[in-house]
Enquirer: 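Here it is: the structure, laid out below.
Because the structure is predicted, anything quoted here is derived from the model rather than measured. First the proteins, then the strands, lettered A, B, ... as listed; each starts at 1.
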Amino acid sequence: MQFSAHDIAMLLNGTVEGDASVTVNQLAKIEEAGEGCLSFLSNPKYEQYLYTTNASIVIVNNGQELTGPVKATLIRVENAYSAFTLVLQQYNSFRLNKKGIEEPNFIHPSAKVGADAYIGAFAYIGQDVKIGDNCKIYPNVNIGDNVTLGNNVTLFAGATVYFDCVIGNNVTIHSGAVIGSDGFGFAPNPDGSYSKIPQIGNVILEDDVEVGSNTTIDRATMGSTIIRKGTKIDNLIQIAHNVEIGSNTVIAAQSGISGSTKIGDRVVIGGQVGIAGHLHIANGTQFSAQTGINSSITEEGKVWGGTPYMPYKDYLRAHAKLRKLPELDRKVYELEKLIEELRKGQAAE
Amino acid sequence: MQFSAHDIAMLLNGTVEGDASVTVNQLAKIEEAGEGCLSFLSNPKYEQYLYTTNASIVIVNNGQELTGPVKATLIRVENAYSAFTLVLQQYNSFRLNKKGIEEPNFIHPSAKVGADAYIGAFAYIGQDVKIGDNCKIYPNVNIGDNVTLGNNVTLFAGATVYFDCVIGNNVTIHSGAVIGSDGFGFAPNPDGSYSKIPQIGNVILEDDVEVGSNTTIDRATMGSTIIRKGTKIDNLIQIAHNVEIGSNTVIAAQSGISGSTKIGDRVVIGGQVGIAGHLHIANGTQFSAQTGINSSITEEGKVWGGTPYMPYKDYLRAHAKLRKLPELDRKVYELEKLIEELRKGQAAE
Amino acid sequence: MQFSAHDIAMLLNGTVEGDASVTVNQLAKIEEAGEGCLSFLSNPKYEQYLYTTNASIVIVNNGQELTGPVKATLIRVENAYSAFTLVLQQYNSFRLNKKGIEEPNFIHPSAKVGADAYIGAFAYIGQDVKIGDNCKIYPNVNIGDNVTLGNNVTLFAGATVYFDCVIGNNVTIHSGAVIGSDGFGFAPNPDGSYSKIPQIGNVILEDDVEVGSNTTIDRATMGSTIIRKGTKIDNLIQIAHNVEIGSNTVIAAQSGISGSTKIGDRVVIGGQVGIAGHLHIANGTQFSAQTGINSSITEEGKVWGGTPYMPYKDYLRAHAKLRKLPELDRKVYELEKLIEELRKGQAAE
């Protein structure tokens, strides 16, 4: 894909300064850009790069003054940062704008696929599946029987959705993610073996949810595991059966949430956090990376850290002291000796 | 799938009270059930819901007395809880009772597939593979050359078994799990680079093992990585080369077991636990979530927590004090000052 | 595959002692070997097994003296350990020496595939993909548009490489690994919802990199996430957007590296380690398992442990004391009482 400065200025409602016919095919930061790159300057502290960059085109604010010669073609706009973000989005929608039905695929005769779909080769679409409009089903995706997908859903290559799950509008699921596998439920028998507890529920992902690659979200034992509108889930995360996660919550990579726990809205969960089962986590709670949570949190909007968790500031203070624990131990030992001496001294009087 | 009260009563050897022709197509908890749902009442503390539930059918104990009008059709049985579990299992076996060979698939001419198989589209079955009776190979599953599967094995969509691995009877492997990838073995060279140590062993999963989605179990360097009968492994777990895990052990999500470690029978491992390599863990050991284990455990049946691990009760006590460590530090500082004063006082006498 | 003692002696430039026609089809440790196995004796402490092993063939050093009767055929070589490693490598290259194009596959007409390729059934090779010579693309692999692969690259079943990524020579990617999924970048909106920041960069894996099963490496927001030459990455690891990892670094399973962090050369990272974003980690740094790193490390070659991290020796010492923290707490309490008594005593004088 090649775009000229003229094309980009049209898109951004900007004005060209320099050669309008120069073309770009890549986007890059101004300090790293080479020939053929489009870049931008918004933060004044990067202004020096404007005079040294190899970018072919740079988007700048209307008011940007020049204190030296600039090799690149400039496009002047109201807000260079927003304009560049718009270009990023346009670029991305081009890259991801796949259409059409590739062969071979497996689409069960009873399945319904909406308008403008992309169905990659080796995609599997089971019995009674309903897929909305403008969905992109990449190669080797597995959609089990009776799954429903809303509009504008993207399932990247190799993602799997088990039977009966419900996916809302504008949901993105990355490669290798597994939605709806069995919850980890086994009942112990007297002989030490385990019997499987059937997991007959499903998973519901509401609108605007994004699920990272190789994340696993288990189906409910009965009822639904639910991820509410706008929540964003990173890679390699475990969400167990019957968990409910509120709206606009974000969870960083490799965190795990145990069975039946309810997480509120606007919660922020760092990487490698572990949350035990059957808990309630209040709205707006924040967990720093590697926190371990073993009881419910009812106060909203607090920040926590450590395992087991404590207020984040206490965690920082306690762990700063932890490293000096051997010193403290030694001090106490010395105090014991001093006190023994003092006592002898007093007794001798 | 629709079932009438009459059908269900026949299955459960129960008696219908109310409209025997009413049908259900879902299972739900009595407090959450809507029309078309089958539910049950076993625990007396939920009895209130019997009179308010929207369930179409409720399974109750023979002796259940009614203190008000009930809208739902009742099915009376010896033990409502067991009867409902039976229905759950029946329901699940219906949902999972896929049969037949979907096209296109890849079955090597030398492979042998037993009776009553389900082979999903885009499933790959390599050279000399032997598959027992009543196996379900979902779409996009990969079975490498020379793999053996017992009877009643289910591999969900996108699961992968590398060449030479051996899977017992009644094993279930969920989507995205990888059985038999290379162990992480590299020998350092004098120039700082690494040479791969060939990993020529395999993985053996004995009967009744269940493996969760996106879990990885590496093949042995030589010999076998072994998971013994009845052990249940959750999602996103790492099991390294040459590990051996005993019988009826359960491992919760995101735990990792390093190379050559031997885990006993009936061990219970919480989520996000890490176990170092070349250790022995005694039968019946329990690890709370996020425990880190760096030495062998020879005493059976003990409970451990913390990183590095300690007896669980010590862990709880130590971490309760950890949060107050800054206070303790301050106390010691004040004691030092007090003692200094006392010593001056004594010296002055 | 069957090999005679004669064949193996030819390969190893060794001399046969015993029946040269005996054949083997497996490799095993001398203490575990059964009939049909090839084994070796190098370490004198295993010499006892030479007289009891059921191995059919044992490779021994030229100078190995016999103090009793040996049932197995011996092959005498200069260095038994090196010779056995050579056999391992040969065996492995036989097992992994797949060739040819299986059907059905999807190879975009614009894609270029080099000489001697293996393309498994249901492999997907997108538009403008360039694949070097002697590559092995196992079944159900997904290679997105515009991806470049060097020579001697192996992608095991179900691995996924997103569009625009660049894979060097001699790279191995195990099953379920995902290279190039979107970085986790979202900008908060005033209403609490999040807008996706387009992730338009790519991932570059340099020569000789190995990536374990179900590991995820996210594409850069702009520019590239880079793994440099010779670095080895285990299973279930998360590498976030814009991370750069140096040469000959090794990372054990389930570790996670957050966005934009730069890791040096020859770094050794244990299992379940977490590294925060935007940090620099010096060359030769070592992290023990489960370490949590929240600031940059500039000193080369140091060993660290704990969360937050500290020098490994401090970590061991501090955590040894941690378990005894309740005792220390009690001691301080008792000291406070003693001092109170002493002060009363002094005041009374």
Enquirer: So what's closer than 4.5 Å to chain B heavy atoms on A:L322: side chain, backbone, both or neither?
Expert: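 Both backbone and side chain of A:L322 come within 4.5 Å of chain B.
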
Enquirer: Quick check: under 4.5 Å, non-hydrogen atoms only, which of residues 288-296 of chain A neighbour chain B?
Expert: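 Expected list: A:Q290, A:T291, A:G292.
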
Enquirer: Can you see which heavy atom on A:Y194 is nearest to which on B:N248, and at what distance?
Expert: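 Heavy atoms of A:Y194 and B:N248 come nearest at CE1-O, 3.5 Å.
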
Enquirer: Rounded to the nearest 0.5 Å, what separation is found between the OG atom of A:S181 and the CG atom of B:D234?
Expert: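 Here the interatomic distance stands at 8.5 Å.
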
Enquirer: Identify which part of A:N146 has an atom lying under 4.5 Å from any heavy atom of chain B, answering side chain, backbone, both or neither.
Expert: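 Looking at A:N146, just its side chain touches chain B.
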
Enquirer: Do any of residues 328-335 of chain B have a heavy atom less than 4.5 Å from a heavy atom of chain A, and if so, which, in residue order?
Expert: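 Counting heavy atoms that sit under 4.5 Å from chain A, the residues of residues 328-335 of chain B involved are B:L328, B:D329, B:V332, B:L335.
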
Enquirer: Do B:L96 and A:F163 touch side chain to side chain, with heavy atoms closer than 4.5 Å?
Expert: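 Heavy-atom side-chain distance check passes, below 4.5 Å.
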
Enquirer: Hey, what's the ring geometry for B:F122 with A:F122, parallel, tilted or perpendicular (30° and 60° as the breaks)?
Expert: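 Because their plane-to-plane angle is over 60°, the rings of B:F122 and A:F122 count as perpendicular.
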
Enquirer: Quick one: of B:A157, B:G305, B:G230, who has the most non-hydrogen atom pairs under 4.5 Å with chain A?
Expert: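 Heavy-atom pair counts peak at B:A157.
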
Enquirer: For B:I339, is it the side chain, the backbone, both or neither that has a heavy atom under 4.5 Å from a heavy atom of chain A?
Expert: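 The answer is both parts of B:I339.
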
Enquirer: Evaluate the side-chain proximity of A:D218 to B:S213: yes if any heavy-atom separation is below 4.5 Å, no if none is.
Expert: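 In contact.
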
Enquirer: Can you tell which part of A:A220 gets under 4.5 Å to a heavy atom of chain B, answering side chain, backbone, both or neither?
Expert: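 Contact with chain B involves no heavy atom of A:A220 at all.
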
Enquirer: Which bit of A:K324 comes within less than 4.5 Å of chain B, counting heavy atoms only: side chain, backbone, both or neither?
Expert: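 The answer is neither part of A:K324.
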
Enquirer: What part of A:V273 lies closer than 4.5 angstrom to a heavy atom of chain B: side chain, backbone, both or neither?
Expert: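 Backbone only.
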
Enquirer: Just wondering, more than 12 heavy atoms not from A:K321 lying within 6.0 Å of its NZ?
Expert: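 Not buried by this count: 12 neighbours or fewer within 6.0 Å.
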
Enquirer: Whether the side chain of B:Q254 engages the backbone of A:S255 through a donor-acceptor N/O pair (distance < 3.5 Å, no angle test) should be reported.
Expert: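 Checking the backbone N and O of A:S255 against the side chain of B:Q254, a donor-acceptor pair under 3.5 Å is found.
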
Enquirer: Top residue by heavy-atom pair count (under 4.5 Å) with chain B, among A:D191, A:D164, A:I237, A:T215?
Expert: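 Highest number of heavy-atom pairs under 4.5 Å: A:D164.
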
Enquirer: Counting heavy-atom pairs under 4.5 Å to chain A, which of B:N92, B:T172, B:D208 comes out on top?
Expert: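 Max contact count across the listed options: B:N92.
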
Enquirer: Between atom CD1 of A:I197 and atom CD of B:Q89, what is the distance when rounded to the nearest 0.5 Å?
Expert: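 Spacing of CD1 (A:I197) from CD (B:Q89) equals 10.0 Å.
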
Enquirer: Measure A:S258 against the heavy atoms of chain B and call it side chain, backbone, both or neither at under 4.5 Å.
Expert: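 Nothing of A:S258, per the 4.5 Å heavy-atom cut-off to chain B.
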
Enquirer: Assess whether atom OH of B:Y46 is packed by more than 12 heavy atoms of other residues, nucleotides or ligands within 6.0 Å.
Expert: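 Count not over threshold, so no.
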
Enquirer: Give, as side chain, backbone, both or neither, the part of B:E210 having an atom under 4.5 angstrom from any heavy atom of chain A.
Expert: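 The side chain, not the backbone.
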
Enquirer: Is B:I233 close to chain A through its backbone or its side chain, or both, or neither, when contacts mean heavy atoms under 4.5 Å?
Expert: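 Only the backbone of B:I233 comes within 4.5 Å of chain A.
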
Enquirer: Which atoms of B:Y315 come close to chain A, meaning under 4.5 Å heavy atom to heavy atom: side chain ones, backbone ones, both, or neither?
Expert: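 For B:Y315, side-chain heavy atoms alone lie under 4.5 Å from chain A.
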
Enquirer: So which part of A:F106 gets closer than 4.5 Å to some heavy atom of chain B, the side chain, the backbone, both or neither?
Expert: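 Both parts, backbone and side chain.
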
Enquirer: Answer yes if the side chains of A:Y124 and B:E102 hold a donor-acceptor pair under 3.5 Å, and no otherwise.
Expert: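 Yes, a side-chain donor-acceptor pair sits under 3.5 Å.
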
Enquirer: Going through the distances and angles, do B:Y138 and A:N142 end up as a side chain to side chain contact (heavy atoms under 4.5 Å, CB included)?
Expert: CA-CA 9 Å; B:Y138 276 71; A:N142 301 284; over 6 Å; no

Enquirer: For the residue pair A:I200 and B:R95, establish whether any side-chain heavy-atom pair is separated by less than 4.5 Å.
Expert: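 Contact flag for A:I200/B:R95 side chains = no.
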
Enquirer: Select one option (side chain, backbone, both, neither) describing which atoms of B:I251 are under 4.5 Å from chain A's heavy atoms.
Expert: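 Just the backbone, heavy atoms under 4.5 Å.
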
Enquirer: How long is the gap from NZ on A:K196 to NZ on B:K232, to the nearest 0.5 Å?
Expert: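 If we round to the nearest 0.5 Å, A:K196:NZ and B:K232:NZ are 8.0 Å apart.
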
Enquirer: So how far is it from B:S39 OG to A:M222 CE, rounded to the nearest 0.5 Å?
Expert: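 Nearest 0.5 Å value for the OG-CE distance: 6.5 Å.
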
Enquirer: As an exercise: rank A:G306, A:G256, A:A276, A:G158 by heavy-atom pairs under 4.5 Å with chain B and give me the winner.
Expert: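 So the answer, after comparing A:G306, A:G256, A:A276, A:G158, is A:G256.
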
Enquirer: Looking at A:L342, is its backbone amide N or carbonyl O close enough to the side chain of B:Q346 to form a donor-acceptor pair, meaning the two atoms are under 3.5 Å apart?
Expert: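 Flag set: sc B:Q346 to bb A:L342 pair under 3.5 Å.
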
Enquirer: Considering only distance and modelled atom types, tabulate donor-acceptor pairs under 3.5 Å from the side chains of residues 81-88 of chain B, sequence neighbours left out.
Expert:
{"unit_1": "B:S82", "atom_1": "OG", "unit_2": "B:N79", "atom_2": "OD1", "d": "3.3"}
{"unit_1": "B:S82", "atom_1": "OG", "unit_2": "B:N79", "atom_2": "ND2", "d": "3.3"}
{"unit_1": "B:T85", "atom_1": "OG1", "unit_2": "B:Y81", "atom_2": "O", "d": "3.0"}

Enquirer: Are any of the side-chain heavy atoms of A:F184 and B:N235 separated by less than 4.5 Å?
Expert: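 SC-SC contact between A:F184 and B:N235 ruled out.
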
Enquirer: Taking side chain as everything from C-beta outward and backbone as N, CA, C, O, which of these in A:L325 sits under 4.5 Å from a heavy atom of chain B? Side chain, backbone, both or neither.
Expert: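 Just the side chain, heavy atoms under 4.5 Å.
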
Enquirer: Chain B heavy atoms under 4.5 Å from A:Q199: which part of the residue, side chain, backbone, both or neither?
Expert: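 It is the backbone, since no side chain atom gets that close.
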
Enquirer: Considering only heavy atoms, which portion of B:P104 lies under 4.5 Å from any heavy atom of chain A: side chain, backbone, both, or neither?
Expert: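 For B:P104, the contact with chain A is made by the side chain alone.
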
Enquirer: Would you say B:N214's side chain and A:G176's backbone share a donor-acceptor pair under 3.5 angstrom?
Expert: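 Yes, the answer is positive, given that a donor and an acceptor are paired below the 3.5 Å cut-off.
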
Enquirer: Quick one: which residues of residues 307-314 of chain A reach chain B at under 4.5 angstrom, heavy atoms only?
Expert: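 Checking residues 307-314 of chain A against chain B gives A:T307, A:P308, A:M310, A:P311, A:D314.
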
